[in-house]
> 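Below you'll find the structure I mean.
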Amino acid sequence: MKKFSETYLKKLHIGNITADSNVLMAPLAGYTCYPFRMMCRELGAGLAFTEMVSANGLKYQDRATAKLLYTDKDETPKAVQLLGSVPSAFEHACKGRCTADYGIVDINMGCPVPNVVKNGEGCALINDLPLASRIIEACKRSGKTVTVKFRPGMNRDRIVVSEFARMCEDSGADMITVHGRTRNMMYDGEPIYEYIRAAKQAVNIPVIANGGIRSEEDAVRMMEMTGADGIMIARYGLEDPLIFARLTGRPADETKLSLILKQADRAESCFDEQDAMEHVKKIASYFMKRLAGTKALKQEMYGCGSMRQLRSVLLRIFGENREAEK
Ligand SMILES: Cc1cc2nc3c(=O)[nH]c(=O)nc-3n(C[C@H](O)[C@H](O)[C@H](O)COP(=O)(O)O)c2cc1C
């Protein structure tokens, strides 16, 4: 099998920003806060996106949004993802104080969740090219680098991937990410490579391929089948962030134990104890997906009321013996 790092790894030029690798961590609601993004970056991800943040909601500057947008100087470049349907709200969000630290704005045009689509947001926008175009132009007026993440169509009978990709480029987008599943596939089934390939053939800006990458073999196949400029990993990046080190050829002597303890340190340094615990428990649950015999420990973990207690349970869950059970 080809090695991704020897065959496909490269830097990624997005507008005037360069990412160190073309292996990206996707936006994931509920997970991709600053501590998690930094873990992925340190393991080799060229970029890691915040979860989707409501463009309109930014004007309220509430505590929850502040947590989603928390970042620090060691995260460069920084990429925020916005969700919405109103061009002026995007323009305000991009020009406002809340996103001032972020050089890259990604526009969510792929979320398939019914409430989002009903609001005309997420992948509803793939049905409305003129509005999607005005949103991209509105973001571009901020001077930021603008990227778009979208699906190829609502279903297999309504594939718009080539014209949508061209519209993004013509409207000023600096990169696109294509999640190779249609809206009605939600998150299941294999991505359809030919749709991503069609996007790549339609434009000259970088095209990132997303969907179903769980191994180096999947990553190589995705690059081979689509001709994309890079890949974006979502759920498997949560389950095993070390995939970023494997794909980018970084020597990583980390284990899940060392990673989760570092997550705990980092989460504590930027969140209060309650928020830090909530985050670490969620990440630890994903790390545990393939560990045998952890049911009781998992219950114990969820019962922990302090970081001190949580650390000692994590030590038992991810201690050396259990790492071997993967
Ligand atoms: C729990 C969860 C949360 C997600 N949140 C977002 C999000 O905030 N923004 C976004 O563009 N996509 C989001 N996605 C979609 C992923 O970024 C990605 O496109 C999708 O999971 C396919 O990649 P995968 O097969 O590697 O998981 C989410 C997916 C999941 C499962």
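Along the sequence shown, residues carry numbers from 1. All values below come from the heavy atoms of this structure, side chains included, with hydrogens, waters and symmetry mates left out. In listed order, ligands and their atoms are each counted from 1.
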> Looking at Asp74, Leu68, Leu69, Thr50, which hits side-chain contact (heavy atoms from CB on, under 4.5 Å) with Tyr34?
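Output: one option passes, namely Asp74.
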
> Can you pull out the closest protein heavy atom to atom 13 (C) of ligand 1? Residue, atom name and distance to 0.1 Å, please.
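Result: Pro27 O, 3.2 Å.
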
> Taking only Lys NZ, Arg NE, NH1 and NH2, and the carboxylate oxygens of Asp or Glu, determine whether Arg308 and Glu273 approach each other closer than 4.0 Å.
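No, no charged N to carboxylate O under 4.0 Å.
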
> Any salt bridge between Glu91 and Lys95, counting N to O under 4.0 Å?
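Answer for the salt bridge query: yes.
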
> Does the ring of Phe287 carry Lys256 above it, NZ/CZ under 6.0 angstrom from centre and within 45° of its axis?
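Yes; both conditions hold, so Lys256 lies above the ring face of Phe287.
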
> Between Phe49 and ligand 1, find which residue part has any heavy-atom pair under 4.0 Å and reply side chain, backbone, both or neither.
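Neither; nothing of Phe49 gets under 4.0 Å from ligand 1.
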
> So, is Tyr236 polar-close to ligand 1, with some N/O to N/O distance under 3.5 Å?
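No, there is no polar N/O contact under 3.5 Å.
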
> Hey, does Asn210 come in under 3.5 Å of ligand 1, counting only N/O atoms on both sides?
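Yes: some nitrogen or oxygen of Asn210 is under 3.5 Å from one in ligand 1.
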
> Judging by distance only, is a nitrogen or oxygen of Ala234 under 3.5 angstrom from one on ligand 1?
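So ligand 1 has an N or O lying under 3.5 Å from an N or O of Ala234.
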
> Within ligand 1, which atoms have a heavy atom of Arg181 less than 4.0 Å away?
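Close to Arg181: 22 (C), 25 (O).
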
> Can a donor-acceptor pair be found between the side chains of Ser133 and Asp170 at a distance below 3.5 Å?
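No.
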
> Could you check which of Glu239, Met185, Gln81, Arg235 puts a non-hydrogen atom nearest to atom 31 (C) of ligand 1?
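Among Glu239, Met185, Gln81, Arg235, the closest heavy atom to atom 31 (C) of ligand 1 comes from Arg235.
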
> Given Lys149, Arg151, His179, which has its nearest heavy atom closest to atom 22 (C) of ligand 1?
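Closest candidate by heavy-atom distance is His179.
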
> State whether Asp101 and Lys73 are salt-bridged, where the test is any N-O pair (Lys NZ or Arg NE/NH1/NH2 against Asp/Glu carboxylate O) under 4.0 Å.
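Result for this pair is no, no salt bridge flagged.
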
> State whether the shortest distance between N or O atoms of Ala29 and N or O atoms of ligand 1 falls below 3.5 angstrom.
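Between Ala29 and ligand 1, an N or O pair is found under 3.5 Å apart.
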
> Which residue supplies the protein heavy atom nearest to atom 29 (C) of ligand 1, what is that atom called, and how far is it?
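Nearest protein contact, heavy atoms only, for atom 29 (C) of ligand 1 is Leu28 CD2, 3.4 Å.
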
> Heavy-atom contacts with Ala26 under 4.0 Å: which atoms of ligand 1 show up? List them by number with element.
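Answer, ordered by atom number: 17 (O).
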
> In this structure, does ligand 1 have an atom that sits under 4.0 Å from one of the heavy atoms of Gly110?
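Distance cut 4.0 Å: Gly110 fails for ligand 1.
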
> Any side-chain heavy atom of Ser285 within less than 4.5 Å of one from Tyr302?
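A side-chain contact exists here, since the closest heavy-atom pair is under 4.5 Å.
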
> Does the pair Arg316/Glu300 count as a salt bridge with the N-to-O cut at 4.0 Å?
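Salt bridge: yes.
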
> Any idea which atoms of ligand 1 are less than 4.0 Å away from a heavy-atom of Asn108?
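Those qualifying, in numeric order: 9 (N), 10 (C), 11 (O).
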
> Is Glu190 salt-bridged to Arg181, going by a charged N under 4.0 Å from an acidic O?
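No, this pair does not count.
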
> Report yes if some N/O of Gly212 lies less than 3.5 Å from some N/O of ligand 1; otherwise report no.
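Between Gly212 and ligand 1 (N or O atoms, distance only) the closest approach is under 3.5 Å.
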
> Val117 and Ala124: which non-hydrogen atoms are nearest, and at how many Å?
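Of all heavy-atom pairs spanning Val117 and Ala124, the closest is O-CB, 3.6 Å.
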
> Does an N or O from Met232, backbone or side chain, lie closer than 3.5 Å to an N or O of ligand 1?
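No, there is no polar N/O contact under 3.5 Å.
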
